[in-house]
Structures are given as C-alpha cells and as structure tokens.
Amino acid sequence: MKKNILLLLLSVICFVSLAQPLTVKAQEQSPDNEFRVGLEASYAPFNWTQTSPDNGAVPIFGEEGSAYAGGYDVQIAKKIADGLGKKLVIVKVQWDGLVPALQSGTIDAVIAGMSPTEERREQIDFTDAYYESDLVVVTRKDSPFADARNLSDLSNAKITAQQSTFHYTVIDQIPDVQKEQAMKDFSAMRTSLASGVIDGYVSERPEGITATGANPDLTMVEFDEGEGFQTNPEDVQVAIGMRQGDPDLERINEIIATISEDERTELMDTAIKEQPAAVEEVPDGETAESDSDEGLLSDFRNILDEYGILFLRGTGLTLFIAVFSTIVGLLIGLLIGIFRSLPSAENPFSRFLQKLVHGLLTIYIEVFRGTPMIVQAMVIYYGTALAFGVSMNRTVAALLIVSINTGAYMSEIVRGGIFAVDKGQTEAAQAIGMTHGQTMIKVVLPQVMRNILPATGNEIIINIKDTAVLSVISVADLFFQGTTAAGTNYQYFQTFTIVGVIYLVLTISATQLLRLVERKMDGPSEYAMLDELNPEE
Amino acid sequence: MSATIEINHLKKNFGKNEVLKDISLSVTKGEVVTIIGSSGSGKSTLLRCINLLEKPTSGEIIYKGENVLKKGYSLPKYRKNLGMVFQSFNLFNNMNVLENCVTGQVTVLKRDREEAEKIAQENLQLVDMERYVNAKPNQLSGGQKQRVAIARALSMNPDVMLFDEPTSALDPEIVGEVLKTMKHLAETGLTMVIVTHEMGFAKEVSDRVIFMDKGVIAESGTPEEIFNHPKEERTKAFLSRVLN
C-alpha cells in the first residue's frame, strides 16, 4: 500500500506543478559573477567549435578541455563580459533552443549572429547592432544561377534558407521562385546544395565567404546595388538577445558603442580567416576532383584524429543515458506492472485510491507512448525552466526524459510478461502459503524478467539510437558531437559514416551482451546426473 | 477421532451457475478420502474451495476449531497446512527441482536453508526423484514433474494433502509411477483428499469414497459399499460407464 500512496503522491505533484502559471523572471539567472552566452557553435564565422584553445577560443560549458568556441560572436562576447566585469561562460545551444534558453534563465544573452526581428522582439529584448551584413545567395559554380546579378535572374531556382529566420521570408521576393522547405542549419543546406537537391540558399555575406572557401564547387551570388533583397535594417543587423527587462542591457549598449566600425570589420576578417574550414582546406591549387578513395580514408583518419575525443565522450554519454534510462524505465515498468496486478482492495477507500492511480498511470502511459520523445524533451526541459525558473542540468534532463519515456513502454511490456506467466504458477505458490508479495518476488517476477528480457534488449537498442533526438536540448551525445564536427568540417558523409559505425558497434555489442545474459538466465541445457538420466529423455 | 477439516453447507456459484450446492463433509486425521464423479460434477471445485483457491459463496470450513472463511482469517497461514498437487503439476519454472521443494519452507515456514534442503532431499527420495535435484522442470517428463510436485507439497509437512486429478495429464504408461508414490504415502498414515478418475486406485487406497454428481455429494461410503454395493441409481450408472 505504501507504494500506491507514493505513486499517487508523485502523480499529484506532477499535475499540480504543471498547473502552475508559466512565468519568466529576469532575476532568475545564472550565477551573478558569470555572463552566460548562448550560441550554436556551428555558424562560422560568427561562431564555431574547435578542439584547441587557439586564437582566443573559449571553453564550451560542460565540455571544458575538449571543445572550444571561436568566432566573431565569441570575440564580441569577451569584450562585453570584460566590460561587465564578469566571467564569460559559453553555452552551446541549438538555434531553436536559444530563445527558450534565454527566457528560462539558462543563459544571460544570445550572441549568435541573431537578427533583432519584430517577432523575436515580442519574446526577448535586443541590444544595438554589433554587426551589419548583406544578404547573398550561395549556389554551385556549375549552376545556371551562378552568374545572377539581380533577383529576377534567380527565377525558377530552388531556393531555401534556415528555418525560423528572415532569410526564409525574403525568398518570396524572387519572382517565380521554387521555395523549398526551410532547413535546420547551414550545414544541412550546404550538403543539399552540393548534392543538387536545391539550387541555392539565402545567407549573409560572412557565411557565404565561409561556405565558398570550404567548398570550391560553391559560389556566392552578390547582387548589384539596389537589385538585391529588400530588407528591414533590423534584419541585416545582428544584435545581442537579452531577457526582457534585463538591467544589463544599457551597459551592454555602451560597451557595443565603444567597438568601432573598423574594429568590427577587422574582427570579422580575422574570424573568416581563422575558422576551422578555411584552415583545413587550404591545399592551394588542389581541387576537390583529385579526391580518390585514399582521400576518403585520410578524411576518416583526420576526422578521428581531430574529433576522436569528442566522439568518445559522446559515445560515453549516449551509452550512459541508454543504459541508465533503460534500467530506470524497467523499474518504473515493474512497479506499475506489479501495482496493476494487485487484487482489488476490500476497503472502499483504498479501492477508490487504487482506481485513481490506475487512471493516472493510464494517462502517463498514453501520453508518453503517444507523443514523440523529441517533443517530450522540449516540453519537459523548457517547461520546467519556465515553470520553476530552474534550468535542469541537461544530462539530468536527458536521463529523466528517456527514463520516463522508457517506463511507459516497459510497463506495457511488463504487463505482457506477467500475463505470460501461467496462472498455475501463482496458484501453486499460494497453495504453499505464500503471500501475494512472496509469490511475486519468488515465483512470478523471475519468470517475468526472463519473459521480458528480449523486449528489454530492444529498448536498450532503441534508446542508444534515440538519444540522438536529445540534441534538441543540446545534450552532448554522440549524434550531437557528430553534428558539431560536421558543422565545422563540412564533411557530412565522412563524419556521419564514422558516427554510424560507432552506433552500430554499440548496438551490436549490446545485442551480444543480452544474448549472453539470456543464456546465463536459462542455465545449462543439461543438468548434472547425465549418466542417470532415463533414455527417454 | 476428531475431524481435521470440517465443511458445512458449502456453496459456490460461478455467476448464475451453481457449481456446489450445500456440501457438508468432514475429513478425519489419517483418513484417505477419494472423490469420484463425472466431469463437471464439481469435485475439482470442491477441492479448490478447501484451500480457498476458489472463494466459496457461502458455508463454513472449520480448521482447528476456527472458521477459515470468517473475515480477517489469514489465508497464507491456513494454506501452509494444506499440501496441494495439481493436475498440471505447476512446478515453479524458474527453479530447479531442489529449489522447488526448498523455497516454500524457507519463505513461508522460515526454516533455515540447510534444514530445508535436508527435508527436501528426504521427500525427493520418497518419490524417487533425489537424483534430479539440479534439473529444471522443463527437462523432466510429466510423471517426474508430478512426483517432484508431491515432494514439494510434502516438504511443507502439511496436515492434509489435496490431490486434484494428479494423473489426468499423464501418459497412461506413466500414471502407474505416480499412483505408486501416492499409495506409498497413504500407507504412511497421511491425511489425503484425492480427486481422481482412477477407479482401481480409489478402490485400493481409500478409507472412504465420495461420489459427486451435479454439485452435491450423491453417495459416500467405504470402497466396498460404493464400488460393490452402490445404493444410488446415478452411482451405478456412473460406475457402469467408467468401468466398462
């Protein structure tokens, strides 16, 4: 009965807490002596990830010692942190997560090449611009659109831009354009462009220079004066996003004003020169065409040399989340399964409670089985931040999300496992005089465990793979590290082939390990006393 | 001799279906009672009601002077005094032969493991299964399983042993080995209630035979009375059906 009450309490707490008003308060921030800046760290030359602290790069929060953020944004962030007299902390957050992270107080500012659009202004405040840029279209050199000088030259071109940016809205200004689905980040657009899925994407000048520098097959369409996209000055400006009502806004504006136009250009030029892709792919005169199989192999080697440690950490985290969450999920499933198997109580009040908990458990299972984990991650991670003003540690959030998600599946699996145990087993235990609890622990559960082992193995494998979706809340798992590496080196195929192989090694090892456990559980197929066995055996 | 278990006016309904109608029966210490009757006559239900695997609808079951059906009576405490042998053996699939006989002693009777293992081995010897202590149930034949099930029940030192058609799920050639074991037990003076279709066995080992028909005890008496001089027409009809 104690368990029931505990479960009931837990459910009540969950519901009450969800019902609380969602409020955001500027004072609920990171430590006072820190200036926490959120950026993607994969939007060169504004920001990128590198594995060394060279060129004034700053360690990335949570990955100190293995990953550093560099770029224009980072240099600006340093100046502002200095001006505020605070310690700069760089937090890596995916693009879509930047505004929620700021609102929830996980970070103090967004310095991520973000334009201060009207829509965003409804959510957050912006400082004065710290950079201003032109819009360009990046295309392939061999494309018929490569020589475009004005918007009509791009008629019928398949154009896209980054999701949730004004780059995507201005596409409509091109006459007869084939507007493609918006994409998640620039790396994805570059890959699509290189593979011919799209004819071009809208970007800003610095990114265009970077892209064309990284891939010699690409070129950048720059429009003649007055022939380009009509833009709102606010859109081409890049400003720092701040929480609404943050008192530091004024001081930051003062600091920005002290950075002269010349200094900004110089910082940007340096950033473009220093960005990892430009450094890597400078083999003068050599073109991409000379790439042979050997080139591919050396690509793999280079990626492993440079990002091996990152991948290893990502792999560790992925495994940890998968194994931990499957175990916790299994425990949740067992608790729920046992609770559901309890005979209904005699006392009317206990029976009412029992029914209530049954109902809540059904809701839990339906909700978590019926919604994508990526959505659960968003709601739980940002939801708790909005509701309580506490920002969860991302790894803890990941463990929580995957655990309760797995728990929902496991409770159904356990139900099936209990169902599969012959009723005679329970009767025999009861006939001996065992209580319900003893029957469960000694007789039913060991058989349930054996019954559900294959399904549990499935869950581990699913979890190893599905932690990839947690990259939306910037959990630095294997997939996230893969994105980081690919976003910096643009070698999507090579990087993700390596990541894929690592996943495969993990899942195959897990499968083999589980087979071993299964065999161990079943015991030897023959028992001791062979010589005395009846021949009929 | 005093009654070990006394059943008064027991009734059991499954929904609207009246399976047991007003059964009264008492079992004396050391007595071997067999219950015979056609399928659906309620004999298995009666046996399952005795150890409360089925909850009787009304009536009373008196054990050691107390009605076990009254509110608050501890079911596990009562059941540990009754050994049950099922038609489908129901050995614990997750345990080997020895553990099947040990687990109840340790968890329910709180015997220490060493003593429990000794008792288990003695009982396995009694049913001639002592060489199979390490085997898992799915490695045994039906007859072997049923003999282990008997040893498991005996290991709890029950006051009464209940057998629910213990040979019905066995191949004809194996039935003999189980019956031999049970006959041996009957000779030791154990109190036994046996539901069976084995008329020859019932005739040989019983102190008393009960013939059930349509939820009531139609006739009861010594094997001699029931098998050789049945009074009731339905008893005669049943016997002529099964014996020919």
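As the structure is a computational prediction, the values presented were derived from the model and not from experiment. Lettering of chains follows the sequences in order, A, B, ..., and the numbering in each one begins at 1.
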Looking at [options], which has the largest count of heavy-atom pairs under 4.5 Å with chain A?
options: B:T107, B:V85, B:N138; value: B:T107
options: B:N93, B:T103, B:N81; value: B:N93
options: B:R152, B:M84, B:Q105; value: B:R152

Flag yes if more than 12 heavy atoms outside [X] fall under 6.0 Å of its [atom1] atom; otherwise flag no.
X: A:F419; atom1: CZ; value: no
X: A:R515; atom1: CZ; value: no
X: B:Y73; atom1: OH; value: yes

For residues 448-455 of chain A, dump all side-chain donor-acceptor pairs below 3.5 Å to protein atoms at least two apart in sequence or in another chain.
from, atom 1, to, atom 2, distance (Å)
A:R450, NE, A:D522, OD1, 2.6
A:R450, NH2, A:D522, OD2, 3.1
A:N451, ND2, A:G417, O, 3.2
A:N451, ND2, A:Q447, O, 3.4

With a 4.5 angstrom heavy-atom cut-off, could you sort out which part of [X] is near chain A: side chain, backbone, both or neither?
X: B:L82; value: backbone
X: B:L91; value: backbone
X: B:F86; value: side chain
X: B:S88; value: neither

Among residues 425-443 of chain A, those lying within the under-4.5 Å heavy-atom range of chain B are A:Q425, A:E427, A:A428, A:A429, A:Q430, A:A431, A:I432, A:G433, A:M434, A:T435, A:Q438, A:K442, A:V443
